[in-house]
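Note on naming: letters A, B, ... go to the chains in the order of the sequence lines (proteins, then strands), and numbering restarts at 1 for each one. Only heavy atoms go into these numbers, but all of them, side chains included; no hydrogens, no water, no symmetry mates.
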Number of protein chains: 2
Amino acid sequence: MTQHAPGPDPTNRPKAAVMEDVAERAGVSAMTVSRVLNTPDKVRPDTRARVLDAVRALGYRPNFAARSLVTGRSGALGVVSFDTTLYGPASTLHGIEQAARADDYLITIVSVGALNRRSIGEAVNRLRFQSVDGVIIVAPHESAADGLRHLPPDLPVVVVGARDNLPVPVASVDQATGAVRATRHLLSLGHDTVWHVSGPQDWIDARARIEGWRSVLQSEGRQIPEPLLGDWSARSGFEHGKLLARDPEVTAIFAANDHMATGVLRALREAGRRVPQDVSVVGFDDVPEAPYLWPPLSTVRQNFTEVGRLSFQLLLDRIDGRTSPAHHLIEPELVVRESTSARPPR
Amino acid sequence: MTQHAPGPDPTNRPKAAVMEDVAERAGVSAMTVSRVLNTPDKVRPDTRARVLDAVRALGYRPNFAARSLVTGRSGALGVVSFDTTLYGPASTLHGIEQAARADDYLITIVSVGALNRRSIGEAVNRLRFQSVDGVIIVAPHESAADGLRHLPPDLPVVVVGARDNLPVPVASVDQATGAVRATRHLLSLGHDTVWHVSGPQDWIDARARIEGWRSVLQSEGRQIPEPLLGDWSARSGFEHGKLLARDPEVTAIFAANDHMATGVLRALREAGRRVPQDVSVVGFDDVPEAPYLWPPLSTVRQNFTEVGRLSFQLLLDRIDGRTSPAHHLIEPELVVRESTSARPPR
DNA sequence: TATCCGAGTGTTTGCGCTAACAGATTTCAT
DNA sequence: ATGAAATCTGTTAGCGCAAACACTCGGATA
């Protein structure tokens, strides 16, 4: 190689300043620079000012990897979530992210296509590998239980929306209470009983909503129709809606989410049954478009932002070794709009 | 302190194994362990097997911070996105995550409440601080332009869904073409012209859809109604829909997204105008519930997964120093369902 | 047989930072 | 003024890993 002169760096990119450079420019030791950044009040104000000037002048940013190598903390949290395009998980994720940002944590996300022991284990491993300080698992699925019971014991974990009896803190919306409110609302309007288009049986939330709905009918001594198993999609709501529309006995339907409720509304309409004059419908979630369906949908609102905030807080507590009670519930809220009204005269 | 005996580690957590421990157990040097992990074929098979056994036996996981300190790479990518609860951004994020996972990258997300120079700068800084290898910015907003022009030059960046003339690669769905297809479809059904309920002016996509829609009407010599400015919400679609429903001239409406289309459908219905017999409606996005609206919504499908995949690929190229052409477009697809039909007889 | 080669492995070094301790300087009471 | 405590700053060491180079050894080559 004919490398006669050293010449400028071929990448033309000056090597980023490191702590030593800042120290030199400020006329102090590297340690003092570190202190200015981490424990500013342990440095005399004028020294601090000199250092900060040097930091700015050099555009210095501390090297995250070096810091976390020595401190053992990364300032990053992992979130494992099932299909983040669904409204619920997406909103929860958003809530977590907001809360984390306020506390200067960063969120690393792994979304998994299935919730089983293997996929959860893999996801958690990927995150540990990146030295996250803790992990929030959004696992609204029955199949996750096994995976959640076999988490590495030395990793702070919080679970969102799972069943109880887990060795970790859990935060979730009180699904059963939501279902109870929806069902009570319909009964209070004079309906004899309430049909239920449920979510898939292997979803915790779906089960809890069934339980809530059933418990009200039972305690009120009403007929308990077999729940119709949907899959959360508008499509499945539509299919079940067609069946329900044929039965003149059906005057009140509780759908386990707003998408299925949307399908139910369509099926009723196609069958010539008016909502709410002939049939009342309640959904669950309160998706943004719920007020603008036809008719505006009565539903149960889940405060996902709050779930995110809470789970983040629980995780912080976990990381700092503070143990926290097992299962934290957030109250959902019934939102009455125009898809529900009094039972039609017989 | 009466600490008589050393006793067991109070945390009861055995210090995680490091490379040296593995080396010792396998009877090799630490360097060989490193090679087994990073360049397996440079190690003789039997040595490799011994090392891997030791890795398994000790449950060794390499320390990410140490590795990235010495390699200068983190294996993490940052994504800056506007409101991740919206269907588009959420799907794009999901697409990016899928693609990244396949290549063993992890995604760190910062969602911002506004897209301006300050918020973008802050978000990018937070990510750099965590030593991400590159950043994807989902910035479908006019206000982001300034921020995008002032990115740190030494950070690999790819932008999704922004306008052209940026100093970085851009990936987006060809919004204008989508709008052209929607508009052509309506004209081909015999409608005299097409009304447009648009997204907010400061969204790039909204503008592009207006341009596409307008260009078709113009080239066909049709009357060009003033676009009605919405805000993406079903609510705004409903409000504008009420106005449009009153005007008997209106027989074809192109809404800039499916949520607004949902609102328009409701408004038309309330005003007693039938869809599609009296008025045809086309949306944009093809959200999952679109086929189950009443009537099933004709719309323009954006392949967000593909956008995510493409932007990830572009970013990898950027990181490896391969430059890539400026603006990459993905074709959207018109999906005709039942909300569109021939113009009613005069 | 002497030499070279290259695959496989080991040794040294340093990435950039902070914990822990040591030393210097100031502050305050006596 | 004089020591002791309190405050501030510097020094040393090492976090865990991989780059760079050095070495070893068997076999191919001349």
**Q.** B:Ala66 or B:Ser29, whichever maps to the more 5' nucleotide of DNA chain C
**A.** B:Ser29
(Q) Heavy atoms only, 4.0 Å cut-off, all strands: where does A:Thr47 land among base, sugar-phosphate and nothing? (A) sugar-phosphate
**Q.** Smallest separation among heavy atoms of A:Arg128 and A:Leu155, with atom names
**A.** CG-CD2, 3.9 Å
Q) Whole Å only: how far is the CD atom of A:Glu20 from the P atom of C:dC17? A) 10 Å
(Q) If I take atom CZ in residue A:Arg67 and atom C1' in nucleotide C:dC15, what distance separates them, rounded to the nearest angstrom? (A) 16 Å
Q) Within the side chain of B:Thr71, is there an N or O that forms a donor-acceptor pair under 3.5 Å with the backbone of B:Arg67? A) yes
(Q) Roughly what angle, to 10°, lies between the helix axis at the start of the helix from C:dT1-D:dA30 to C:dT30-D:dA1 and the one at its end, five pairs per end? (A) 40°
Q: Starting at atom CE of A:Met31, determine the distance to atom P of C:dA19, rounded to an integer number of angstrom.
A: 6 Å
Q: Could you tell me whether A:Val18 contacts a base, only the sugar-phosphate backbone, or nothing, with contacts defined as non-hydrogen atoms closer than 4.0 Å?
A: sugar-phosphate
Q.
Taking any atom closer than 4.0 angstrom to a non-hydrogen atom of chain B, what span of DNA chain D does the protein reach, first nucleotide to last?
A. D:dG16 to D:dA20
Q: Look at all strands and tell whether B:Met19 reaches a base, only sugar-phosphate, or nothing, counting heavy atoms closer than 4.0 Å.
A: sugar-phosphate
Q.
Between P on C:dT27 and CZ on A:Arg44, what's the gap in Å once rounded to a whole number?
A. 8 Å
Q) Among residues 32-43 of chain B, which contact DNA chain D at a heavy-atom distance under 4.0 Å? A) B:Ser34, B:Asn38
Q: Give a yes-or-no answer on whether the side chains of A:Ser68 and A:Ser74 include a donor-acceptor pair shorter than 3.5 Å.
A: no
Q.
For B:Pro156 versus B:Leu315, what's the shortest heavy-atom pair and its separation?
A. O-CD1, 3.6 Å
Q: Could you state the atom-to-atom distance from CG of A:Asp46 to P of C:dT26 in whole Å?
A: 11 Å
Q: Could you verify whether a donor N or O on one side chain and an acceptor N or O on the other, from A:Ser143 and A:Asn116, lie under 3.5 Å apart?
A: no
Q.
For a 4.5 angstrom cut-off between non-hydrogen side-chain atoms, does B:Leu148 reach B:Val168?
A. no
**Q.** Short N-O contact, B:Asp41 and B:Arg35, less than 4.0 angstrom
**A.** no
Q | Stepwise salt bridge (Lys or Arg N to Asp or Glu O under 4.0 Å) check, B:Asp53 with B:Arg50 | A | CA-CA 5 Å; B:Asp53 281 350; B:Arg50 281 214 319 286; over 6 Å; no
Q.
Counting C-beta onward and ignoring hydrogens, is there a side-chain heavy-atom pair between A:Ile136 and A:Ile96 closer than 4.5 Å?
A. yes
(Q) Pairing donors with acceptors under 3.5 angstrom, does anything connect the side chains of B:His327 and B:Ser172? (A) yes
**Q.** Note, A:Ile319 side chain near A:Arg73 side chain (heavy atom, < 4.5 Å)
**A.** yes
Q.
Need one value for B:Phe64: base, sugar-phosphate or nothing, where a base atom within 4.0 Å counts as base even if backbone is also close, heavy atoms only.
A. nothing
